[in-house]
Colleague: 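Before anything else, here's the structure in question.
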Amino acid sequence: MKKTMVLLCTLLGMAFTVLAADPYLDKRQAMVEHDIKGRGVSDQRVLVTMGRVPRHLFVDERQRGRAYADHPLPIGEGQTISQPYVVALMTEALNLKPSERVLEIGTGSGYQAAVLAELVKEVYTIEIRKPLADMAEKRLHELGYRNVRVRYADGYFGWEERAPFDAIIITAAANHIPPPLIRQLKDGGRLILPLGSTVYSQTLTLVKKRGERLNVEQIIPVAFVPMTGEVQKGK
Ligand code: SAH
């Protein structure tokens with residue numbers, strides 16, 4: 001009887017520690033089951049990662065209670081962190097291997113970069129707004145992500161010194177694919193972006209580079225904040 005009580009207390013203590021360490025564990029698991037797996041994302045590594053990364057720590061304290069809901073959230077500077085399903089879908093479409101190197105354009109909160117960092121060897125991410133770049137860099141460091149580099153720049157030009165990349169993900173809407181990014185993609189590499197010229201709706205588009213050829217696949221309609229800087233000039 002005494003032994004049972006001790007065991008019970010130990011188990012309760014462990015459960016309490018886990019919950020205290022991460023009070024959003026249940027909400028996050030529900031998000032994975034319902035909003036992500038429930039909509040057809042099936043890559044096991046992506047599902048496990050979405051269940052691990054603490055999304056609530058990438059948003060403002062006042063937004064934490066809404067961090068696992070099925071929609072985008074404001075992250076300051078008029079920008080948004082994408083809906084969890086869209087993050088998972090884009091990540092799955094890139095078909096990433098642990099040994100790979102990925103470039104992200106549009107760091108924002110750093111959440112997508114953290115998801116990528118769990119799945120690949122190195123992540124390079126570029127943000128055009130300094131306050132967001134600084135905040136994301138600090139946050140990723142505090143959370144222990146050592147394989148992510150953040151740069152404050154216009155992502156249109158990519159990251160020449162670190163190229164070529166196995167995969168590139170653009171998380172802001174563009175009306176064309178910046179040519180420097182195509183050049184910085186490896187042969188056999190994958191690039192995904194919300195492609196379109198309207199503010200309210202774009203098409204999630206997956207591009208595969210095969211030598212000089214680009215294989216283009218349209219996935220679903222999406223709504224992202226616009227990519228700014230060079231991409232908006234002239235075109
Ligand atoms: N991936 C982010 C959300 C992206 S929101 C996350 O997980 O939180 C889109 C981001 O792209 C914004 O932060 C915006 O400032 C940035 N952005 C827009 N144009 C850009 C450009 N030309 N280069 C780099 N970042 C850009």
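All ligand and atom numbering here is 1-based and tracks the order in the structure. Just so it is clear, the values below take in all heavy atoms, side chains as well, and ignore hydrogens, waters and symmetry mates.
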Colleague: Which atoms of ligand 1 sit under 4.0 Å from any heavy atom of Leu132?
Modeller: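 Taking each heavy atom of Leu132 in turn, ligand 1 has 13 (O) under 4.0 Å.
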Colleague: Starting from atom 3 (C) of ligand 1, locate the nearest protein heavy atom and write down its residue, its atom name and how far away it is, to 0.1 Å.
Modeller: Thr80 O, 3.3 Å
Colleague: Side chains of Asp22 and His56: does their closest heavy-atom pair fall under 4.5 Å?
Modeller: yes
Colleague: Any N or O of Glu127 that comes nearer than 3.5 Å to an N or O of ligand 1?
Modeller: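 Yes, at least one N or O pair falls under 3.5 Å.
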Colleague: Starting from atom 9 (C) of ligand 1, what is the nearest protein heavy atom, named by residue and atom, and what distance separates them?
Modeller: Thr171 O, 3.3 Å
Colleague: Can you report which non-hydrogen protein atom sits closest to atom 11 (O) of ligand 1, along with the distance?
Modeller: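 Scanning the protein heavy atoms, the shortest distance from atom 11 (O) of ligand 1 goes to Gly106 CA, 3.2 Å.
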Colleague: At a 4.0 Å threshold, what atoms of ligand 1 neighbour a non-hydrogen atom of Ile105?
Modeller: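 Per the distance check, 23 (N), 24 (C).
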Colleague: With respect to Glu104, determine whether any N or O atom, backbone or side chain, lies less than 3.5 Å from an N or O atom of ligand 1.
Modeller: yes
Colleague: Over 60° means perpendicular and under 30° means parallel, so classify the ring planes of Trp159 and Tyr124, tilted if in between.
Modeller: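 Tyr124 and Trp159: perpendicular rings.
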Colleague: Can you tell me if Glu92 uses its side chain to pair, donor with acceptor, with the backbone of Ser42 under 3.5 Å?
Modeller: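 Side chain of Glu92 to backbone of Ser42: a pair is present.
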Colleague: Tell me, with the steps shown, if Gln79 and Ser109 meet side chain to side chain donor-acceptor pair (under 3.5 Å).
Modeller: CA-CA 9 Å; Gln79 307 303 306; Ser109 69; over 6 Å; no
Colleague: Which bit of Ala153 gets closer than 4.0 Å to ligand 1, counting heavy atoms only: side chain, backbone, both or neither?
Modeller: backbone
Colleague: Could you tell me whether a side-chain N or O of Thr171 sits under 3.5 Å from a main-chain N or O of Ile105, the two making a donor and an acceptor?
Modeller: yes
Colleague: In the protein, which heavy atom is nearest to atom 7 (O) of ligand 1, and how far is it?
Modeller: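 Minimum-distance protein heavy atom for atom 7 (O) of ligand 1 reads Gln112 N, 3.0 Å.
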Colleague: Can you name the atoms of ligand 1, numbered from 1 with element, that are less than 4.0 Å from a heavy atom of Gly155?
Modeller: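 It comes down to these atoms of ligand 1: 21 (C), 22 (N), 23 (N), 24 (C).
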Colleague: Would you say ligand 1 has an N or O under 3.5 Å from any N or O of Pro226?
Modeller: no
Colleague: Which residue supplies the protein heavy atom nearest to atom 8 (O) of ligand 1, what is that atom called, and how far is it?
Modeller: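 Ranking protein heavy atoms by distance from atom 8 (O) of ligand 1, first comes Ser109 OG, 2.6 Å.
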Colleague: Checking a contact table here: which protein heavy atom is nearest atom 25 (N) of ligand 1, and how many Å away?
Modeller: Ile128 N, 3.2 Å
Colleague: Does ligand 1 have an atom that lies less than 4.0 angstrom from a heavy atom of Ala113?
Modeller: no
Colleague: Out of Val59, Thr228, Thr107, Val231, who gets a non-hydrogen atom closest to atom 6 (C) of ligand 1?
Modeller: Thr107
Colleague: Among protein heavy atoms, which sits nearest to atom 12 (C) of ligand 1, and what does the distance come to when rounded to 0.1 Å?
Modeller: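 So the nearest neighbour among protein heavy atoms is Gln79 OE1, 3.2 Å.
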Colleague: Please determine which of Lys208, Arg101, Arg190, Lys186 meets the salt bridge (Lys or Arg N to Asp or Glu O under 4.0 Å) test together with Asp166.
Modeller: Lys186
Colleague: For Tyr68, is there any backbone N or O sitting under 3.5 Å from a side-chain donor or acceptor partner on Arg55?
Modeller: no
Colleague: Taking the side chain as C-beta and beyond, is there a heavy-atom pair between Tyr85 and Ile220 under 4.5 Å?
Modeller: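 Touching, per the 4.5 Å side-chain cut-off.
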